[in-house]
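Computed from a predicted model, the values in this text were never measured in an experiment.
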Amino acid sequence: MIFPFTRYGRTLAVRTKRRLTAIALGVGCLTATLTGTSAQAADNAARSDGQIVWLRSSKPVDLPLGTDYHMALTKQRSAVSAERLQTSETPTPPEPSSEANEQRIARESGETYIAAPGEAAAKKRIRGAAALTKEQCRAMADAHDDAGKIINHFSFCRWGYNTAVKLNGQGGVEGMVRFRETEIGTGTGAGRDATIEVHTDQVVASGKFNDTAMMSFYVAQAGWPSSSSCKVADVSSNPFTTSVGDWRDEYIAYGLVSDRGSGTGPDDITTCVYQHQWKVTGGGATTPWSQGPDNGVRFDSSKSLGSKYYDAGVIFDRVIPSFFYDRAKSDTAGVANHIYDALYKPQTTYPTKAGKVIPGNIWNGNWRPLHRNWTNFDAAAAEVARKNRNAKDAACRGLNRPSDSHQCDEFPFASTKEGAGLGDGNFSVRYVPGAENSKAGSELADWYGSDRILHNNAYGIYVK
């Protein structure tokens, strides 16, 4: 069964082709891991706050009718990590998140992905996002935590088990619903419209919360810079309610959209935090709404990406991407070797400087990202570009040019805030074959466009 959230048009054609059935991903925002003393705290809270508990876990939690809730969790503690969800009596939107806060979350998450250069690789990232299946998502072991897994700017996956438990006055289980929820998100480089798919399966219901109980699903969202900057689209009702039995092996989908002109700055940027919430009613008991783990997307209508790319897109932004250089790739080998030396052997680079550390490495515990500088963003950006160009040219005059076909390459790139013009000496220049330098520069510009790397966006460099 496909419920009324199902979308129409372009994305429906993709889903029909894939013949999506159902799966599951967990929706829950968790506060106390049920291990050690926190398990006792969650148990005590369950006995005192209405005897209804929502849990989120990476494996099924087994809570048979009549068993003691706390004892049952204790026995499973070594195999199952379950966390208690925050709840509310009415559907509650998450807190909005500014562009700067989204970038902070991305940094603190430590998540990255490697983007290979070239048009074919860019198309593969986008096609892969549209083709991601629920089976592939569930196979990602790191996709079950609160943050989920951002595969690239256009592809997101998260799954987990949600469990609603009704307790009696003595802490015994008298009703339970457990289901797996799989969430697949797809961004786009061709409009301000993201698609979120939700699959539910492995539904187990017993006692007061049996198959005839009613379970409701709600999409909560918060836009920035205003509440109207993000909307839930293609829904017939929100929340949507049907019987627990009807949620077996089901699939629903909805859109997150942002109107042009609703954002801020030259790139018309808006952000959207979204969250899934669930409620169960049956046997004379009603759960509060579970507040699931949230996620964020960023919309833009940027003119900075070049004529090859649409001037509107939406990405999953809680990740710091890494652009890839391969020293074995002959058409850019000179540039790749220069960047490798700059990152890992800076003392061998020119100009010389004691203690030189060149940014760009975000791997293995390092955090020295680059930030794109779009010359036309504003006067300050134009000044950064001018200083980068002048400082690079001055440094290149200290090198011998091997031939007229060589060009003076710089790292960090001229298109970054960390370039030679920063004035701290943490940069490198080197003559490389002109064709290789042009090729590498074109690939970087194309990556900015394909992955929607905007002004001031952070990214890393990966070289092998």
Verify the neighbour count for atom [atom1] of [X]: are there more than 12 heavy atoms of other residues, nucleotides or ligands below 6.0 Å?
{"X": "Y310", "atom1": "OH", "value": "no"}
{"X": "E119", "atom1": "CD", "value": "no"}
{"X": "K387", "atom1": "NZ", "value": "no"}
{"X": "K231", "atom1": "NZ", "value": "no"}

Checklist entry - Does the side chain of T270 pick up a donor-acceptor pair with the side chain of S258 at under 3.5 Å? => result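 Note: T270 and S258 side chains meet the donor-acceptor criterion.
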Next on the checklist: Less than 3.5 Å apart, any donor N or O on the side chain of T271 or S97 sitting next to an acceptor on the other?
Outcome noted: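 No, S97 and T271 have no side-chain donor paired with an acceptor closer than 3.5 Å.
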Between [X] and [Y] (side chain of the first, backbone of the second, donor and acceptor by atom type, cut-off under 3.5 Å), is there such a pair?
{"X": "E443", "Y": "G118", "result": "no"}
{"X": "E418", "Y": "H371", "result": "yes"}
{"X": "S98", "Y": "N101", "result": "yes"}
{"X": "Q275", "Y": "P93", "result": "no"}
{"X": "K345", "Y": "Y340", "result": "no"}
{"X": "R401", "Y": "D404", "result": "yes"}
{"X": "D451", "Y": "W447", "result": "no"}
{"X": "T195", "Y": "T186", "result": "no"}
{"X": "S442", "Y": "K439", "result": "no"}
{"X": "T416", "Y": "F413", "result": "yes"}

With the side chain counted from C-beta on, respond yes when [X] and [Y] share a heavy-atom pair under 4.5 Å apart, and no when they do not.
{"X": "F316", "Y": "S155", "value": "no"}
{"X": "S322", "Y": "I362", "value": "yes"}
{"X": "E99", "Y": "D300", "value": "no"}
{"X": "R107", "Y": "W367", "value": "yes"}
{"X": "L256", "Y": "V232", "value": "yes"}
{"X": "L370", "Y": "P359", "value": "yes"}
{"X": "W289", "Y": "T92", "value": "no"}
{"X": "S290", "Y": "N162", "value": "no"}

Taking the six-membered ring where the residue is Trp, are the ring centres of [X] and [Y] under 6.0 Å apart?
{"X": "F377", "Y": "H455", "result": "yes"}
{"X": "Y325", "Y": "H338", "result": "no"}
{"X": "F217", "Y": "W278", "result": "yes"}
{"X": "Y161", "Y": "H144", "result": "no"}

Please find the pair of heavy atoms, one from [X] and one from [Y], that lie closest to each other, and give the distance.
{"X": "R318", "Y": "S109", "result": "O-OG, 3.6 Å"}
{"X": "S229", "Y": "S262", "result": "OG-O, 3.1 Å"}
{"X": "Q277", "Y": "P91", "result": "OE1-CA, 3.4 Å"}
{"X": "C157", "Y": "L132", "result": "CB-CD2, 4.1 Å"}
{"X": "C230", "Y": "G223", "result": "CB-CA, 3.9 Å"}
{"X": "G263", "Y": "D268", "result": "N-OD1, 2.7 Å"}

Checklist entry - Taking it one step at a time, do E111 and K149 satisfy side chain to side chain contact (heavy atoms under 4.5 Å, CB included)? => result CA-CA 8 Å; E111 292 295 318; K149 175 68 174 179; 3.9 Å; yes
Residues [X] and [Y] bridged, charged N to O under 4.0 Å:
{"X": "K308", "Y": "D446", "answer": "yes"}
{"X": "E383", "Y": "R386", "answer": "yes"}
{"X": "D424", "Y": "K353", "answer": "no"}

Would you give the length of the straight line joining atom [atom1] of [X] to atom [atom2] of [Y], rounded to the nearest 0.5 angstrom?
{"X": "K134", "Y": "I184", "atom1": "NZ", "atom2": "CD1", "result": "7.5 Å"}
{"X": "D409", "Y": "I339", "atom1": "CG", "atom2": "CD1", "result": "6.5 Å"}
{"X": "R372", "Y": "Y459", "atom1": "CZ", "atom2": "OH", "result": "8.5 Å"}
{"X": "Y448", "Y": "L454", "atom1": "OH", "atom2": "CG", "result": "11.5 Å"}
{"X": "S438", "Y": "D331", "atom1": "OG", "atom2": "CG", "result": "11.5 Å"}
{"X": "R125", "Y": "F154", "atom1": "CZ", "atom2": "CZ", "result": "8.0 Å"}

Checklist entry - When you look at V314 and D193, which way does the side chain to side chain contact (heavy atoms under 4.5 Å, CB included) test go after all the steps? => result CA-CA 6 Å; V314 54; D193 183 351; 5.6 Å; no
Checklist entry - Which is it for R327 and D341 under the salt bridge (Lys or Arg N to Asp or Glu O under 4.0 Å) test, yes or no, and what are the steps along the way? => result CA-CA 11 Å; R327 290 180 292 163; D341 290 345; 5.9 Å; no
Next on the checklist: The test is side chain to side chain donor-acceptor pair (under 3.5 Å); show your working for R192 and S301 and say whether it passes.
Outcome noted: CA-CA 8 Å; R192 297 171 69 106; S301 299; 2.7 Å; yes
Checklist entry - Relative to each other, are the rings of Y462 and W363 parallel, tilted or perpendicular (30° and 60° limits)? => result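 Rings of Y462 and W363: tilted, as their planes differ by 30° to 60°.
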Next on the checklist: Before you tell me yes or no, could you show the steps for F411 and L343 under side chain to side chain contact (heavy atoms under 4.5 Å, CB included), namely the whole-Å CA-CA distance, both residues' side-chain angles and the distance that decides it to 0.1 Å?
Outcome noted: CA-CA 9 Å; F411 186 82; L343 292 177; 3.7 Å; yes
Checklist entry - Can you tell which of D311, D267, N376 makes a side-chain hydrogen bond (donor to acceptor under 3.5 Å, both in side chains) with K303? => result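 For K303, the side-chain hydrogen bond (donor to acceptor under 3.5 Å, both in side chains) check succeeds only for D311.
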Checklist entry - What do the steps show when you test L444 against S415 for side chain to side chain contact (heavy atoms under 4.5 Å, CB included), and what is the final call? => result CA-CA 10 Å; L444 178 67; S415 59; 3.8 Å; yes
Item to check | Working for side chain to side chain donor-acceptor pair (under 3.5 Å), residues N457 and R298 | outcome: CA-CA 12 Å; N457 283 180; R298 185 205 72 193; 2.9 Å; yes
Checklist entry - H276 and ring-ring contact (aromatic ring centres under 6.0 Å, His included): which partner among Y254, F179, Y218, F240? => result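 One option only clears the test, and that one is Y254.
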